[in-house]
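Each chain gets a letter, A, B and so on, in the order the sequences are listed, and its residues count up from 1.
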2 protein chains.
Amino acid sequence: MTESTLNQTFAALADPTRRAMLARLSRGEANVSELAQPFLHSMSLPAITKHVKVLERAGLITKSKDAQWRPCKLRGAGLRVAADWVEQYRMFWEESFDRLDAYLKETAGKKSTKDKADGLTK
Amino acid sequence: MTESTLNQTFAALADPTRRAMLARLSRGEANVSELAQPFLHSMSLPAITKHVKVLERAGLITKSKDAQWRPCKLRGAGLRVAADWVEQYRMFWEESFDRLDAYLKETAGKKSTKDKADGLTK
DNA sequence: CGCATAATAAACTCAGTGGTTAATTAACCA
DNA sequence: TGGTTAATTAACCACTGAGTTTATTATGCG
């Protein structure tokens, strides 16, 4: 996983409009105007187009063609990028220090490529 | 979990310098100049101060006082905010549709408050 | 064809972010 | 007290991001 992918992924997730779009897409495919519908009272369609493009470039959704429509689909692999990164830190929110100790033992020897990606050491 | 917390959290994570700082802090406490050390060849100390402040405001680290030093510590609860949000989408990267089906059954009845936070429906 | 709908493109504004340098605060120590 | 180290503040600049309005492309349909 490359640094700039993480940059784009997290930046994409930092906007509430885009998170809402992902939430909408978690209930199934939707084309751009369907994604836009909840927001048209507060922003224009071109603004929506831009948000969609950000999500697409971050790999969080895919967009296809159906006549004049552009059905969008959630892309699990994109979200996994964020999940995998943050998962490295799980031990820091497993509250008890006993459990933290247990965690360290539990995960010993599970080190893999992703551990090197952002310089994190367990 | 409020929307603006998620905004700040993900925005903070979108910068590689800040992620590297978190990685450093995962190996233990460090004061600002220690956090700065790997970056002083490419940016100034005030720039570091700003990054630290972003992490602090996002709740990803805490900063305390020790004479003229400002030891910083990773704050698990902050990272958990991101983890919990993205975890809602786990089913979308569990590749097989059989497993997805299994996942839906497995997590039935586990619905809690956080499910409402960002409008996501399972 | 002519028109309506879906979506994008272009050009622009404005605010916020990430960086700079220079100055300042705060604490320790000889 | 005066000097050194740690860190922050202030003022500034360039760039990007999120939004706008207007214009354009592409498709389906009567």
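Here side chain to side chain donor-acceptor pair (under 3.5 Å) pairs that include residues 28-43 of chain B, with residues two or more places apart or in two chains, are Asn31(B)-Ser33(B).
Atoms CG (Asn7(B)) and P (dG17(D)) sit 16 Å apart, rounded to a whole Å. One can place NZ of Lys63(B) at 14 Å from P of dA26(C), the figure rounded to the nearest angstrom. Remark: C1' of dT8(D) and NZ of Lys53(B) are 6 Å apart, rounded to the nearest angstrom. dT16(D) atom P lies 18 Å from atom CG of Asp15(A), rounded to whole Å.
Distances shown here put every side-chain N or O of Thr49(A) at or beyond 4.0 Å from the OP1 or OP2 atom of dA7(C). Close to dG19(D), at under 4.0 Å from its OP1 or OP2, lies a side-chain N or O of His51(A). In this model, the phosphate group of dT5(C) is not approached by any side-chain N or O of Ser33(A) to a distance below 4.0 Å at OP1 or OP2.
In this structure the side chain of Leu35(A) reaches within 4.5 angstrom of the side chain of Leu25(A), judged on heavy atoms. Leu6(B) has its side chain out of reach of Pro16(A): every pair of non-hydrogen atoms, C-beta onward, lies at least 4.5 Å apart. You'll find the side chain of Met43(B) reaches within 4.5 Å of the side chain of Thr17(B), heavy atoms only. Side-chain contact check for His51(A) versus Phe39(A): every heavy-atom pair is 4.5 Å or farther apart. Using a 4.5 Å heavy-atom cutoff, the side chains of Lys63(B) and Leu55(B) are not in contact.
One hydrophobic cluster, built from ILVMFWY side chains closer than 4.5 Å, cannot hold both Val86(A) and Val54(B); they sit in different ones.
Closest approach of Ala14(A) to Arg19(A), counting heavy atoms only: C-NH1, 3.6 Å. Heavy-atom minimum distance, Tyr89(B) versus Leu22(A): OH-C, 3.5 Å. For the pair Val81(B) and Thr9(B), the tightest heavy-atom approach, listed with the atom from each and the gap, is CG1-OG1, 3.9 Å.
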Could you give the side-chain donor-acceptor pairs of residues 66-78 of chain A under 3.5 Å, partners two or more places apart or in another chain?
{"residue": "Arg70(A)", "atom": "NH1", "partner": "Ala67(A)", "partner atom": "O", "Å": "3.2"}
{"residue": "Arg75(A)", "atom": "NH1", "partner": "Gly59(A)", "partner atom": "O", "Å": "2.7"}

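Listed in residue order, the members of residues 64-73 of chain A having a heavy atom less than 4.0 Å from DNA chain D are Ala67(A), Gln68(A). Of the residues in residues 37-46 of chain B, those lying under 4.0 Å from DNA chain D by heavy-atom distance are Leu45(B), Pro46(B).
Axis angle between the ends of the helix from dC1(C)-dG30(D) to dA30(C)-dT1(D), five pairs each and rounded to 10 degrees, works out to 10°.
Residue whose closest nucleotide on DNA chain D sits further toward the 5' end, between Glu34(B) and Thr17(A): Glu34(B).
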| note | Once base and sugar-phosphate atoms are separated, protein heavy atoms under 4.0 Å mark nucleotides 11-17 of chain C, 5' to 3', with B, S and - as B------

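One finds a salt bridge joining Glu87(B) and Arg90(B) here, because a Lys/Arg side-chain nitrogen approaches an Asp/Glu carboxylate oxygen to under 4.0 Å.
No side-chain donor-acceptor contact under 3.5 Å links Arg24(B) to the backbone of Ala36(B).
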